[in-house]
Amino acid sequence: MSDPADVLADLRAEGDELDAIVSESSEGGEGGEGGEAIWRLATPAPRWSVAHQIAHLAWTDRAALLAVTDAEGFAAEVEKALAAPERFVDDGAEEGAALPPAELLARWREGRRLLDEALRKVPPGGRFPWYGPPMSATAMATARLMETWAHGQDVADALGVVRRPTARLRHVAWIGHRARDYAYLVRGEQPPAEPFRVELTGPGGESWAYGPEDAAQRVSGDAVEFCLLVTQRVHRDDTGLRAEGADAEHWLGIAQAFAGPAGPGRGPKGEAS
């Protein structure tokens, strides 16, 4: 696990990069229709526009801030989620997406700033609740970076922007490996008893490895593809990831780096949504 300050710096950079993408696209307009048109563009997530993606990030940042600063208040939010497990994420996105773009953007920026400040004040060893297992400040920052990158990919795809992969993806890869058992449990499956080995090649050619070197079940390949897979932005069949062992292959079909209900994932390329 990385130092909290390092992860928070990378989280800020990830948010700033996505902010620049939507801000510059808004300023440039879309098809001559004005800057606000880009917020209505459909993204690869069914029924979600660019506005829905940013609204979801803003909503989740506010939930994270509540978890860090007001455990009782966050518990009340969890009760709402349990009452409507299939709707609460979409409902939060719908509410934010209905705002004027400038207001939504300002809300997202303010939420990022406040969460950054709150996480920097968490004492060493401090933990707080979440929709999945309890979080440390480092784990929460890593989770927020993972979601910012994943939803940012949807936004970039909608806008036709090609993002340059960065070493920040090591955080996404780490949480993808770390969340292995959760991906099983959220589907009512029993996780394998033995750990897996994951060996990835980062964007700069660097090697990222997780798990014991002598593990029988192994996954290897490109780090960007692994990150896209564990955030459910690509179908297993559309990656070149290699699995050794039946358990490792099965995991790649259900991998989920984010908390909450099991996601449906993306279909193979060419398959209708």
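Note: hydrogens, waters and symmetry copies are ignored here, and every other heavy atom, side chains too, is used.
Nearest approach of T138 to P4, heavy atoms of both residues: OG1-CG, 2.9 Å. The two atoms that bring A55 and L104 nearest to each other are CA-CD1, 3.7 Å, heavy atoms only. Between H235 and L229 the shortest heavy-atom distance is C-CD1, 4.1 Å. The two atoms that bring G204 and E206 nearest to each other are N-OE1, 2.7 Å, heavy atoms only. In plain terms, the two heavy atoms of A143 and M135 that are nearest each other are CB-CE, 3.8 Å. In terms of heavy-atom proximity, P195 sits nearest to P212 at CG-CG, 3.6 Å.
I38 CD1 to S25 OG: the interatomic distance, rounded to the nearest 0.5 Å, is 5.0 Å. Interatomic distance, SG of C227 versus CZ of R168, reported as 12.0 Å (0.5 Å rounding). With rounding to the nearest 0.5 angstrom, the CG atom of L241 is 7.5 Å from the CG atom of D222. Between the CE atom in M140 and the CG atom in L8 there is a gap of 11.5 Å [rounded to 0.5 Å]. For the atom pair CG (D61) and OG1 (T148), the distance works out to 6.0 Å, reported to the nearest 0.5 Å. Between the CG atom in D247 and the CG atom in L252 there is a gap of 11.0 Å [rounded to 0.5 Å].
Here the side chains of L18 and W108 are in contact, with some heavy-atom distance below 4.5 Å. Inter-residue side-chain proximity for R266 and V234 is flagged as unmet; no heavy-atom pair is nearer than 4.5 Å. In this structure, V198 and L200 have side chains that are in contact, with non-hydrogen atoms separated by less than 4.5 Å. Looking only at side-chain heavy atoms (C-beta outward), Q256 and V230 stay at 4.5 Å or farther from each other. Between F196 and R180 there is a side-chain heavy-atom pair separated by less than 4.5 Å. The closest side-chain heavy-atom distance from V172 to T142 is not below 4.5 Å. Looking at heavy atoms from C-beta onward, Y182 lies out of side-chain contact with F258 at the 4.5 angstrom threshold. The closest side-chain heavy-atom distance from R12 to D10 is not below 4.5 Å.
Looking at R233, its side chain does come within 3.5 Å of a backbone N or O of T231 through a donor-acceptor pair. A distance-only check finds no donor-acceptor pair linking the side chain of E95 to the backbone of A93 [under 3.5 Å]. T43 contributes a side-chain N or O that, together with a main-chain N or O of W48, makes up a donor-acceptor pair within less than 3.5 Å. In this structure a side-chain-to-backbone donor-acceptor pair under 3.5 Å is missing from R112 to L57. The backbone N or O of V50 lies less than 3.5 Å from no partner atom in the side chain of R40, so there is not a single donor-acceptor pair. Between the side chain of H52 and the backbone N or O of S49, at least one donor-acceptor pair lies under 3.5 Å. At least one donor-acceptor pair closer than 3.5 Å links the side chain of R187 to the backbone N or O of A183. Listed for the D238 side chain is a donor-acceptor partner under 3.5 Å among the backbone atoms of K269. Checking side-chain atoms of R163 against main-chain N and O of W149 turns up a donor-acceptor pair under 3.5 Å.
At least one test fails for R170 against the ring of W174: distance under 6.0 Å to the centre or angle within 45° of the axis. For the pair R178 and Y210, the cation-pi test (distance below 6.0 Å, angle within 45°) is failed.
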Audit row: R113, E110, side chain to side chain contact (heavy atoms under 4.5 Å, CB included) steps and yes/no: CA-CA 5 Å; R113 182 186 68 80; E110 179 69 358; 2.7 Å; yes
Derivation and outcome, side chain to side chain contact (heavy atoms under 4.5 Å, CB included), residues H171 and M146: CA-CA 7 Å; H171 303 300; M146 175 270 296; over 6 Å; no
Step-by-step side chain to side chain contact (heavy atoms under 4.5 Å, CB included) determination, R164 to T166: CA-CA 6 Å; R164 180 179 64 85; T166 73; 4.3 Å; yes
Criterion side chain to side chain contact (heavy atoms under 4.5 Å, CB included) on F128 and L119, from CA distance to verdict: CA-CA 11 Å; F128 32 83; L119 288 173; 3.9 Å; yes
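Ion pairing between a basic and an acidic side chain is recognised when a charged N comes within 4.0 Å of a carboxylate O; K80 and E77 show such pairing. Classification of R144 and E14 as a salt-bridged pair fails, no side-chain N sitting under 4.0 Å from a carboxylate O. Using a 4.0 Å cut-off between charged nitrogen and carboxylate oxygen, R242 and E199 do not count as a salt-bridge pair. The pair R120-D116 meets the salt-bridge criterion, since a charged nitrogen lies less than 4.0 angstrom from a carboxylate oxygen. Under a 4.0 Å N-O distance rule, the pair D214/R197 does not qualify as a salt bridge. Of the charged side-chain nitrogens involved, none lies within less than 4.0 Å of a carboxylate oxygen, so that K121 and E117 do not count as a salt-bridged pair.
In the hydrophobic clustering of this structure, L82 groups with W59; members are Ile, Leu, Val, Met, Phe, Trp, Tyr whose side-chain heavy atoms approach within less than 4.5 Å, directly or through other members. Linking Ile, Leu, Val, Met, Phe, Trp and Tyr whenever their side-chain heavy atoms come within less than 4.5 Å puts L115 and V78 in one cluster. Clustering ILVMFWY residues whenever any of their side-chain heavy atoms sit less than 4.5 angstrom apart, transitively, puts I254 in the very cluster that holds I175.
Under a cut-off of 6.0 angstrom, the local environment of CZ in R47 is sparse, with at most 12 non-hydrogen atoms contributed by other residues, nucleotides or ligands.
A parallel orientation is assigned to the rings of W130 and F74, their planes being inclined by less than 30° (bins at 30° and 60°).
D90 is linked by a salt bridge (Lys or Arg N to Asp or Glu O under 4.0 Å) to nothing, counting only residues two or more places apart in sequence or in another chain.
For an aromatic pair to be called close, the ring centres must be under 6.0 Å apart, and Y184 with H250 satisfies this.
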